[in-house]
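Read the structure below first, then the notes.
Note that the structure is predicted; figures quoted are calculated from it, not measured. In what follows, chains are A, B, ... by sequence order, proteins preceding strands, each numbered from 1.
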There are 2 protein chains.
Amino acid sequence: MGAPLTTRGNAPKQDRSRATRRRLLQSAVACLAERGWTGSTVAVVAEHAGVTRGAAQHHFPTREDLFTAAVEYVAEERSAVVRDLPRPAGVREAVEAVVGLYTGELFRAALQLWVAASNEPQLAPRVVALEARIGRETHRMAVRLLDADESAPGVRETVQGLLDMARGLGLANLLTDDGARRERVVAQWAAVVEAALRG
Amino acid sequence: MGAPLTTRGNAPKQDRSRATRRRLLQSAVACLAERGWTGSTVAVVAEHAGVTRGAAQHHFPTREDLFTAAVEYVAEERSAVVRDLPRPAGVREAVEAVVGLYTGELFRAALQLWVAASNEPQLAPRVVALEARIGRETHRMAVRLLDADESAPGVRETVQGLLDMARGLGLANLLTDDGARRERVVAQWAAVVEAALRG
């Protein structure tokens, strides 16, 4: 109990600042997923988060700062959630969990950011670095979910290809609900991946 | 030799009109791949194609007309090329060819159009219809390249999953050259797909 005397006065202010920052990051991902890069300005995100534009710019001086930080923050939050889940019972459940990483709001937001970066030189290097960090973490999550032994030949590439498939399934779900087809593909590929991993 | 008398006067004009139309479609795909949806106006495409804006609007009254027609035209051109290729010697070559469908300018252009459609209500229904047509044709190409027998259980879903993986590999190649990693994934997955298809 009781913060040290010297910080007692600042603690609530810091808490409020952290809460504002978190709201801005979550709003930025929601706006990006729903309205795309062109429709997601700092002003739009500030309004969505219920904070002033000045407060948003205090936390994130540029638009690039805000959106790259937002995708990273939400990806880290998700990693923490996945880390705390019990390991799936079988390969089918593991493949479903891996594919599930690419069908929600975070994937839609990241996709908008990646595609915008392909046409915006000032955004590209930051998104490339972010993609590498998220890619490594997603690979670790998949290895853990699948209980895969990467010291065996080909297993690393099997996991990578599965993640590429999951990314493609996410893209196929962008404009229409692809859930029924996806379920059949996942059922078949879970069997294929199990044979490949367990020999 | 010799067109019928009644069309003789119109034939060169029709040829010119067709050539202009083709140049506009090819330029539209190039601009979309390089500059994205926001950077690709009808004026930008007309300049790239070396025709007047008026001529572009004569062929394609709206921006949506131009870009959906362009992606469809280039996809059809590509289908014709793939149909005339000799069937690949083995599954590895077939998987390489399938993945190759997603790593060029056409995929980049289509990706820009798909993602723009996710935020633009007037574009979405046309892109959904286009995606369905191109998806069916790409599936037919993959079945032919792989010499797959879709009457066997699971084969249809195996081919679909491979196309999803190819789409994901295309996305992974958007911001950086992913060629070295892709080659390793393709080598491993060619073996996995061969085992799944040939049982």
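By the 6.0 Å contact criterion, CD on B:E72 is enclosed, its count of non-hydrogen atoms from other residues, nucleotides or ligands being greater than 12. Within a 6.0 Å radius of CD in B:E93, other residues, nucleotides and ligands contribute more than 12 heavy atoms. Within a 6.0 Å sphere centred on CZ of A:R140, other residues, nucleotides and ligands contribute more than 12 heavy atoms. Within a 6.0 Å radius of CD in B:E96, more than 12 heavy atoms belonging to other residues, nucleotides or ligands are found.
B:W189 contributes a side-chain N or O that, together with a main-chain N or O of A:E157, makes up a donor-acceptor pair within less than 3.5 Å. A:N119 places a side-chain N or O within 3.5 Å of a backbone atom of B:E34 that can act as its donor or acceptor partner.
Interface residue A:S118: backbone and side-chain heavy atoms are both found under 4.5 Å from chain B. Heavy atoms of A:T158 lying under 4.5 Å from chain B belong to its backbone as well as its side chain. The part of A:A33 that comes within reach of chain B is its backbone (N, CA, C, O), which places non-hydrogen atoms under 4.5 angstrom from that chain. B:V193 touches chain A through its side chain: at least one heavy atom from C-beta onward sits under 4.5 Å away, while N, CA, C and O do not.
Put simply, CZ on A:R156 and CD on B:Q188 are 12.5 Å apart, with the number rounded to the nearest 0.5 Å. Distance check, rounded to the nearest 0.5 Å: CG of A:D178 to CD of B:E131 gives 8.5 Å. To the nearest 0.5 Å, atoms CG (B:D164) and OH (A:Y102) are separated by 13.0 Å.
Closest approach of B:A196 to A:V192, counting heavy atoms only: CB-CG2, 3.9 Å. Across all their heavy atoms, B:G161 and A:V185 have their closest contact at CA-CG1, 3.7 Å. Between B:R167 and A:G168, the shortest heavy-atom contact is NH1-O, 3.0 Å. Smallest separation of non-hydrogen atoms from A:A117 and B:L175: C-CD2, 3.9 Å.
Chain B forms more heavy-atom pairs under 4.5 Å with one residue of A:R184, A:Q160, A:R182, A:R108 than with any other, namely A:Q160. Note: B:L169 leads B:L169, B:V186, B:V127 in heavy-atom pairs under 4.5 Å with chain A. Among the candidates A:L174, A:T38, A:V159, the residue making the largest number of heavy-atom pairs closer than 4.5 Å to chain B is A:L174.
Under a hydrophobic clustering in which Ile, Leu, Val, Met, Phe, Trp and Tyr are joined whenever their side-chain heavy atoms come within less than 4.5 Å, directly or via other members, A:V128 and A:L111 fall into the same cluster. Linking Ile, Leu, Val, Met, Phe, Trp and Tyr residues whenever their side-chain heavy atoms come within less than 4.5 Å leaves A:L32 and A:V44 in two separate clusters.
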